[in-house]
Protein chains: 4
Amino acid sequence: MWLPIDPRSPKPVYQQVVDAVKEAVAKGMLEPGDRMPAVRELASQLTINHNTVARAYQELERDRVIEVLRGRGTFIATSRPCPDRDARVRAVAARIRELLIEAHHLQMNEEELLELFQVTLREWRQERRQAQA
Amino acid sequence: MWLPIDPRSPKPVYQQVVDAVKEAVAKGMLEPGDRMPAVRELASQLTINHNTVARAYQELERDRVIEVLRGRGTFIATSRPCPDRDARVRAVAARIRELLIEAHHLQMNEEELLELFQVTLREWRQERRQAQA
Amino acid sequence: MWLPIDPRSPKPVYQQVVDAVKEAVAKGMLEPGDRMPAVRELASQLTINHNTVARAYQELERDRVIEVLRGRGTFIATSRPCPDRDARVRAVAARIRELLIEAHHLQMNEEELLELFQVTLREWRQERRQAQA
Amino acid sequence: MWLPIDPRSPKPVYQQVVDAVKEAVAKGMLEPGDRMPAVRELASQLTINHNTVARAYQELERDRVIEVLRGRGTFIATSRPCPDRDARVRAVAARIRELLIEAHHLQMNEEELLELFQVTLREWRQERRQAQA
DNA sequence: GTGGTCTAGACCACC
DNA sequence: GTGGTCTAGACCACC
């Protein structure tokens, strides 16, 4: 399994692993029930420390993206609404607010931001289609 | 001047100051030409160290949100398009993609996300109107 | 007298005055014997503090760009080789070295820098000719 | 690692560190991939505070001269063209103009300045050759 | 008055 | 181990 890890990024490596797995799932490249590599195996493939992968797996399990079946391995979870959904929806709203602030400082008005949103959405749909083909 | 600082947040305090000032400017609560409190004065109001405020001011100056008039004080800048606008617009698009991934894991489909976007936008407009009244 | 002063610049205001006068002299816009405005008069024209102008005049006198004739006024000096010429030539060489370092980090090789030097020189000559016309 | 730091200089110490590292890279004394000393180690070698070195490293990272690998150390970056190259080339041209003004006040004509430029360039090349030998 | 820099020493996240 | 942040208190240049 390959994931785009950049050790030079200011984003912590474990967080990059978490985000990359979430993106792969969102795009349908990984599906519920798919087996994830063992911690040490993925670490070796990405040439990062196994502790870093272990931490990422813990985070992904907390977010119910993966399920660890002790002694059997790690798998993409069958998605169910997670208990703290409301909190996370509020978090998404907070990030939308951050976009509005950033857009203001770029002298991008709300209509332009909305359009950028829709353009990005179209690109995203196309990537998903290609990933699943 | 009051800014919402949370010393327990994982976000660095100086970054919280930067973000709070940018938000206040985006909402119109601070306008071009307005005087900012002196470094030590704001530090005392927020009960944080003056070095932390100084670092926030330097960051805000680099982002052209404020202007430092040597020996005279600090003021909200008259906003001008920044030279690296394209790079920052790409950064906004990248953050929109993150929202799309997060939404998927919350079983929020694209229509629901778009609606959340628009609801948040309406709230934002209202806050701005109140701030300017 | 008008000089391009920007209170927002990181360069100290008194230094901006010094540099602007030196530039005007180098271009021939101010000539030996020309009378400089009184400290308070120039300060009022530039809307800056008179102490700031006074400090600039002291610096210019030290560099033998102007001469203060007590009770009579301040004048552009008749240029003579200054005693610390060698030290200042070394300073120019040091600044050329800084340009070489900067050019390297811009992936500009020595030939390109030399060409930029010559282009800038041609522009400079043209400006001088226009200023003197 | 030794860098020429002068605590009496009007140039801030952190800036001296930044400039010295840029010079070492430009001369080929430091090459892409080379490991930089740890912040606290360099601080102790230069007998300055670790915060001062940390600030210099942050500045160098922003200028893409070094790369920070989180938790692993700091390395000289593989140089890539920076996005704001045009702005920085203009800055170099502005500094060449300053040299022309300074040369005028030293009664150095343009030919002499050009010659000083070329002499300095020759010295620079020689230093680089020695550094790389 | 203003912001900028530096030291000393602490604590933290990350790998 | 690594770099990043924060406080406390000092000193400085500039206006």
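Everything quoted here is computed from the prediction, not taken from an experiment. Here is how names work: the chains are called A, B, and so on, in the same order as the sequence lines, proteins then strands, and each is numbered from 1.
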Item to check | Start and end of the DNA chain E segment that chain A contacts, any atom under 4.0 Å from a heavy atom | outcome: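 Listed 5' to 3', the contact boundaries are E/dC14 to E/dC15.
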Checklist entry - Reading DNA chain E 5' to 3', how would its secondary structure be written in dot-bracket notation, given Watson-Crick and G-U pairs with both distances under 3.5 Å, brackets [ ] for crossing pairs and | for partners on other strands? => result ||||||||||||||.
Under 3.5 Å, side chain of [X] to main-chain N/O of [Y], donor-acceptor pair present?
X     : Y     : result
A/R40 : A/H50 : no
B/Q45 : B/M1  : yes
C/D63 : C/V65 : no

Checklist entry - Between B/R62 and B/E59, does at least one N-O distance fall below 4.0 Å, as a salt bridge requires? => result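 Yes, this pair counts.
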Next on the checklist: Judged by each residue's nearest nucleotide on DNA chain F, which is more toward the 5′ side, D/H50 or C/V13?
Outcome noted: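 Counting from the 5' end, the first nearest nucleotide belongs to D/H50.
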Item to check | Toward the 5' end of DNA chain F, by each residue's nearest nucleotide, B/R40 or B/Q15 | outcome: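 In this pair, the answer is B/Q15.
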Next on the checklist: Assess the residue pair D/V39 and D/Y57 against the criterion (side-chain contact (heavy atoms from CB on, under 4.5 Å)); give the C-alpha distance rounded to whole Å, side-chain angles, the decisive distance to 0.1 Å, and a yes or no.
Outcome noted: CA-CA 8 Å; D/V39 165; D/Y57 275 24; 3.8 Å; yes
Next on the checklist: Heavy-atom nearest nucleotide on DNA chain E for D/N49 versus B/L69: which residue maps closer to 5'?
Outcome noted: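 Counting from the 5' end, the first nearest nucleotide belongs to B/L69.
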Checklist entry - Reckon D/R55 touches a base, only the sugar-phosphate, or nothing at all at heavy-atom distances under 4.0 Å? => result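 Here D/R55 touches the backbone only, sparing every base.
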Checklist entry - Looking for any heavy atom pair under 4.0 Å, which part of the strands does B/I48 touch: base, sugar-phosphate only, or nothing? => result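 Touches sugar-phosphate only.
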